[in-house]
Chemist: 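I have a structure here, written as structure tokens, and I will follow up with some questions on it.
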Amino acid sequence: MKKRLFSGCTPSGNLTLGNYLGTVRGWERNQETCDALFAVTDLHALTVPRDPEILRRKSLDFLCLFMACGIDPQKSTLFIQSHNPRHCEVSWILSCQTGWGELSRMTQFKSKSAADRRPSGGLLTYPVLMAADILLYGTELVPVGEDQRQHMELTRRLAKHLNSCAGPVFPLPEAVIPPSTGRVANLLDPTAKMDKSHDNKDTYIALTDTPEEIRRKIGKARTDSRGDFAMDDKDSGIGNLVRIYSALTGLGTGTIIWEYEHRGYGAFKRDLGDIIAETLTPIREKYNRIHREEDYLKQVLALGKDKALEKSERAYKCIKDTFGLITC
């Protein structure tokens with residue numbers, strides 16, 4: 001029997017090369033080897049104020065990009081999170097099993113709330129909704145970036161708590177983090193991750209960027225003042241670019257450095273820009289084509305909603321029963 005896999009992405013900003021290398025690229029393979037669910041997690045987007053029209057548009061944009069990156073709605077369960085209301089209900093139940101202190105110590109909450117003078121309660125309970133997303137489907141595997149490891153630990157703790165109450169019903173989900181590209185750095189500040197919601201679009205490569213935009217951004221990307229290809233500093237700008245090159249070509253970092261250490265940063269950046277453009281152009285073209293097919297998108301949304309509701313039925317009833325709630 002195939003293992004169940006769940007992965008989601010919040011429709012804010014623009015899906016980036018970092019998202020692609022960290023999780024999205026592997027989804028097409030995941031749907032062949034796993035019982036895979038892929039969600040546009042629009043409820044997570046509400047932790048900060050959003051323009052309703054932009055959120056609706058972004059949700060459809062992300063759905064189209066998922067398919068452009070290889071997700072087949074017939075093979076996988078591809079859906080919008082809010083189309084299954086059980087996510088919210090289970091999130092509330094799990095919130096009542098989670099301590100305020102545990103949530104307030106979450107690294108992401110501390111960093112994001114520090115930058116927001118009026119952080120929302122949703123920002124605090126975001127990890128519980130993520131846990132509900134995962135546990136609602138009896139998930140075993142969760143492709144995530146390195147920055148989500150702490151949230152996965154909370155999810156596993158909640159799964160253990162449910163099992164202590166209801167018996168060994170829920171698998172303990174495992175985080176699947178690619179070893180070499182679990183964190184792709186900001187192009188201008190390699191000490192930070194490549195953030196799809198960053199205000200400065202030059203800090204990331206979007207999956208829908210044109211070849212000209214990609215080459216320009218790589219040309220401006222930070223390298224290092226030393227002028228060599230040393231990889232000893234984990235926050236090295238050139239190290240980040242070399243790892244991207246390696247992830248897209250399959251070449252080892254040593255081979256890449258040997259090729260360019262005498263040719264210099266200029267030649268390296270030109271070639272890397274071409275490689276990224278060649279990778280992303282088919283995705284951008286397929287995305288544009290799918291986005292124009294409104295009737296097809298409606299069919300995908302309806303199919304995904306039905307499949308998500310069906311696959312969440314067993315865990316949903318079990319969680320309600322565990323805490324004394326009556327299921328009709």
Side-chain angles (χ1 to χ4, degrees), residues 6-16 18-19 22-23 39-59 61-62 80-136 142-159 161 173 175 177 182-186 188-201 203-204 206 235:
F6 178 94
S7 193
C9 196
T10 303
S12 59
N14 300 284
L15 275 178
T16 72
N19 300 125
T23 53
V40 178
T41 51
D42 54 341
L43 293 171
H44 288 297
L46 300 179
T47 57
V48 297
R50 302 284 180 189
D51 181 302
E53 288 303 319
I54 293 177
L55 179 56
R56 277 188 279 269
R57 175 171 57 81
K58 284 289 184 181
S59 295
D61 287 350
F62 275 46
I80 294 195
Q81 179 191 29
S82 64
H83 287 185
N84 184 352
R86 294 169 178 174
H87 287 258
C88 289
E89 190 171 346
V90 169
S91 179
W92 169 252
I93 295 170
L94 296 181
S95 292
C96 295
Q97 313 303 314
T98 309
W100 183 91
E102 182 175 15
L103 293 176
S104 65
R105 289 191 296 271
M106 289 285 172
T107 302
Q108 283 206 16
F109 172 73
K110 289 192 291 185
S111 62
K112 291 183 178 180
S113 61
D116 189 340
R117 289 186 299 175
R118 298 179 62 188
S120 70
L123 191 61
L124 178 70
T125 57
Y126 164 95
V128 183
L129 178 56
M130 178 177 166
D133 298 338
I134 295 166
L135 299 179
L136 186 56
V142 187
V144 291
E146 180 65 40
D147 60 324
Q148 294 294 324
R149 189 183 292 276
Q150 190 179 33
H151 295 166
M152 285 300 301
E153 291 171 358
L154 172 65
T155 302
R156 287 172 61 87
R157 188 193 68 71
L158 286 169
H161 177 63
I177 301 174
R183 180 185 181 276
V184 175
N186 178 310
L188 301 181
D189 177 11
T191 65
K193 76 169 186 175
M194 185 177 284
D195 185 351
K196 63 186 174 65
S197 298
H198 200 288
D199 292 336
N200 186 350
K201 293 183 179 181
T203 63
Y204 61 81
D235 292 328

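As the structure is a prediction and not an experimental result, all values here were calculated from the model.
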Chemist: From Trp100 CH2 over to Leu124 CG, what is the distance, rounded to the nearest 0.5 angstrom?
Modeler: 7.0 Å
Chemist: Nearest heavy-atom pair of Ala159 and Leu135: which atoms, and what distance?
Modeler: CB-CD2, 3.8 Å
Chemist: Can you name the nearest heavy-atom pair linking Asn19 to Asn14, along with the distance?
Modeler: OD1-O, 4.2 Å
Chemist: Calculate, to the nearest 0.5 Å, the distance between atoms CG and CD belonging to Leu94 and Glu89 respectively.
Modeler: 11.0 Å
Chemist: Out of curiosity, Leu103 CG to Thr125 OG1, how far, rounded to the nearest 0.5 Å?
Modeler: 7.5 Å
Chemist: Rounded to the nearest 0.5 Å, how far apart are NE2 of His44 and SG of Cys9?
Modeler: 10.5 Å
Chemist: Please confirm whether the backbone N or O of Ala45 pairs with a side-chain atom of Arg50, one donor and one acceptor, at under 3.5 Å?
Modeler: yes
Chemist: What distance do Glu102 atom CD and Gln97 atom CD have between them, rounded to the nearest 0.5 Å?
Modeler: 12.0 Å
Chemist: Any side-chain to backbone donor/acceptor pair from Gln81 onto Leu43? Under 3.5 Å, distance only.
Modeler: yes
Chemist: Below 4.5 Å, heavy atoms only, C-beta onward: do Val142 and Thr155 meet side chain to side chain?
Modeler: no
Chemist: Please report the interatomic distance OH(Tyr126) to OG1(Thr10), rounded to the nearest 0.5 Å.
Modeler: 5.0 Å
Chemist: Should we say atom CG of Asp199 is surrounded by more than 12 heavy atoms from elsewhere, each under 6.0 Å from it?
Modeler: no
Chemist: Quick one: closest heavy-atom pair of Ala132 and Val90, and the distance?
Modeler: CB-CG1, 3.8 Å
Chemist: Between the side chain of Asn186 and the main-chain N/O of Ala192, is any donor-acceptor distance below 3.5 Å?
Modeler: no
Chemist: With a 3.5 Å distance limit and no angle check, can you tell me whether Lys193 reaches the backbone of Gly18 through a side-chain donor-acceptor pair?
Modeler: no
Chemist: State, to 0.1 Å, how close Pro190 and Ala185 come at their nearest heavy-atom pair, and which atoms those are.
Modeler: O-CB, 3.6 Å
Chemist: Would you say the side-chain atoms of Thr16 pair up with the backbone N or O of Lys196, donor to acceptor, closer than 3.5 Å?
Modeler: no
Chemist: Between the side chains of Lys58 and Ser12, is a donor N or O closer than 3.5 angstrom to an acceptor N or O?
Modeler: no
Chemist: For the residue pair Asp195 and Tyr204, what are the closest heavy atoms and their distance?
Modeler: O-CD2, 3.4 Å
Chemist: Is Asp133 close to Thr41 at the side-chain level, that is, under 4.5 Å between some pair of heavy atoms?
Modeler: yes
Chemist: Please report the closest heavy-atom contact between Leu123 and Pro119, naming both atoms and the distance.
Modeler: CD2-CB, 4.0 Å
Chemist: Can we say Glu53 and Arg56 salt-bridge, meaning some charged N sits less than 4.0 Å from an Asp/Glu carboxylate O?
Modeler: yes
